[in-house]
Amino acid sequence: MNAKYEITDMAHEKYPFLHRIRALRDIGSEVKAGDLGGFVESEGNLSFEAEDDAWIFNDAIAAGEGHVDKGSVLRDRAVVCGCAYVSHGAEMSDDTRAEDDAYIRGARLSRCARASGNSMILQSPTTKVSPILTGSCAVYGKVMGDVMLAGAVVVISDETISNDSLDTLSIDERGRTILRAPSRDELTPRQPQERQKKPKDRGRGR
């Protein structure tokens with residue numbers, strides 16, 4: 001039973017098969033019971049699990065087999081459609097779009113960024129840092145870790161851009177740049193460590 005939100009009779013002006021949602025309880029820190037949200041085609045578009053704060057704001061849309069869950073949010077006029085899956089705290093705003101079989105995990109998309117085809121935009125399992133996409137960039141391949149895509153950059157199918165370093169990899173029309181925190185260039189004393197016992201030399205002389 002969906003105790004998180006209801007689908008109202010308020011139809012989308014352009015797409016009448018979409019209807020606006022209304023919160024049935026407080027959701028996270030931004031949504032109060034009774035607040036109106038964005039548009040869905042069915043309950044399959046937005047998780048209604050009890051502990052899930054995923055939400056669709058403003059005039060954002062989740063349609064088709066598209067699904068939003070695990071604390072992710074759509075804002076403004078963002079669209080998730082096709083079989084796209086937006087999860088693990090991802091945020092889409094402005095006129096962003098996830099379509100086809102795109103998978104967005106923990107990333108942030110703004111302006112007119114788009115994920116299409118079998119694209120994957122993922123948080124790094126090592127550093128736990130997620131990509132940031134902005135401008136009119138389009139991803140058809142895989143982007144993972146501390147990567148910032150801006151402008152009209154295109155990641156084609158089967159192309160992978162991954163960064164697990166301590167610095168940000170920034171890519172735009174001018175090329176690739178590394179963004180470093182000033183503290184990365186400072187030297188600090190080595191921290192004392194416990195002296196480790198050397199392993200016994202077994203088998204030598206065989």
Side-chain angles (χ1 to χ4, degrees), residues 28-30 47 51-55 57 60 67-76 78-80 84-199:
S29 60
E30 295 184 73
S47 168
E51 302 301 321
D52 193 341
D53 290 339
W55 189 247
F57 291 88
H67 187 66
V68 181
D69 70 4
K70 297 182 180 177
S72 298
V73 296
L74 308 184
R75 300 181 187 277
D76 307 314
V79 174
V80 174
Y85 181 26
V86 179
S87 188
H88 288 80
E91 181 171 347
M92 297 176 57
S93 60
D94 302 319
D95 294 289
T96 53
R97 187 180 184 95
E99 58 190 4
D100 306 325
D101 291 295
Y103 176 35
I104 300 175
R105 180 186 175 105
R108 285 165 45 202
L109 281 67
S110 64
R111 298 183 65 184
C112 297
R114 188 178 76 249
S116 304
N118 293 307
S119 59
M120 301 178 71
I121 305 171
L122 311 172
Q123 179 186 69
S124 165
T126 304
T127 64
K128 306 303 181 185
V129 178
S130 301
I132 297 175
L133 279 62
T134 188
S136 57
C137 62
V139 177
Y140 294 84
K142 182 178 180 179
V143 179
M144 183 170 68
D146 196 355
V147 178
M148 181 182 297
L149 300 184
V153 170
V154 176
V155 179
I156 62 174
S157 300
D158 297 326
E159 180 180 10
T160 297
I161 298 175
S162 179
N163 178 31
D164 285 331
S165 75
L166 298 177
D167 305 314
T168 300
L169 172 61
S170 176
I171 305 176
D172 59 21
E173 295 98 329
R174 296 169 295 179
R176 300 186 175 191
T177 306
I178 292 295
L179 305 178
R180 292 170 58 89
S183 60
R184 289 271 287 140
D185 295 318
E186 299 295 327
L187 300 179
T188 57
R190 181 174 64 88
Q191 297 299 318
Q193 298 178 351
E194 292 184 8
R195 181 175 297 176
Q196 296 180 346
K197 294 182 180 179
K198 293 182 179 180

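Just so we're clear, the structure is a prediction, and the values are computed from it rather than from any experiment. Heavy-atom basis, side chains included; hydrogens, waters and symmetry copies ignored.
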Donor-acceptor pair, distance only, cut-off 3.5 Å: does the side chain of E186 make one with the backbone of S183? no
Taking S124 for the side chain and G145 for the main chain, is one N or O donor matched with an acceptor at less than 3.5 Å? no
With no hydrogens and no angle check, is any side-chain donor or acceptor of S47 less than 3.5 Å from a backbone partner on D69? no
Quick one: are D95 and D76 in side-chain contact, heavy atoms under 4.5 Å? no
Indicate yes or no for a side-chain donor-acceptor contact from T168 to the backbone of S170 under 3.5 Å, with no hydrogens or angles considered. no
How far apart are the C-alpha atoms of Y140 and E159, what are their side-chain angles, what is the distance that settles it, and do they pass the side-chain contact (heavy atoms from CB on, under 4.5 Å) test? CA-CA 8 Å; Y140 294 84; E159 180 180 10; over 6 Å; no
Quick check on D158: does its CG atom have over 12 non-hydrogen neighbours (other residues, nucleotides or ligands) under 6.0 Å away? no
Regarding N163 and S165, do their side chains bring together a donor and an acceptor under 3.5 Å, going by distance alone? yes
Side-chain touch L74/V80, heavy atoms, less than 4.5 angstrom: yes
Side chains of R114 and V139: closer than 4.5 Å at any heavy-atom pair? no
Identify the heavy atoms of S116 and E99 that sit nearest to each other, and give their distance. OG-OE2, 2.6 Å
Residues L169, I161; criterion side-chain contact (heavy atoms from CB on, under 4.5 Å); working and verdict: CA-CA 9 Å; L169 172 61; I161 298 175; 3.9 Å; yes
Using the rule given for side-chain contact (heavy atoms from CB on, under 4.5 Å), can you reason through K142 versus L122, listing the C-alpha separation, both sets of side-chain angles and the distance that settles it, and then say yes or no? CA-CA 8 Å; K142 182 178 180 179; L122 311 172; 3.8 Å; yes
Please find the pair of heavy atoms, one from R75 and one from E91, that lie closest to each other, and give the distance. NE-OE2, 2.9 Å
Note: E173 and G151 closest approach over all heavy atoms is OE2-CA, 3.4 Å
Between F57 and E30, is there a side-chain heavy-atom distance shorter than 4.5 Å? yes
More than 12 heavy atoms of other residues, nucleotides or ligands under 6.0 Å from CZ of R184: yes or no? yes
Of the non-hydrogen atoms in S136 and A152, which two are nearest, and what is the gap between them? OG-CA, 3.6 Å
In short, G89 meets S72 closest at the heavy-atom pair N-OG, 3.3 Å
In the structure I gave you, are the side-chain heavy atoms of T96 and R111 within less than 4.5 Å of one another anywhere? no
Any chance you could measure D164, atom CG, to T126, atom OG1, to the nearest 0.5 Å? 4.5 Å
Between T134 and S110, do the side chains contain an N or O donor and an N or O acceptor separated by less than 3.5 Å? yes
Go through Q123 and K128 one step at a time and tell me if the side-chain contact (heavy atoms from CB on, under 4.5 Å) criterion holds. CA-CA 6 Å; Q123 179 186 69; K128 306 303 181 185; 4.1 Å; yes
Closest non-hydrogen atom pair between L133 and A113, with its separation: CB-CB, 3.8 Å
Within-4.5 Å side-chain heavy-atom neighbours: M144 and S130: no
Would you say the side-chain atoms of D52 pair up with the backbone N or O of K70, donor to acceptor, closer than 3.5 Å? yes
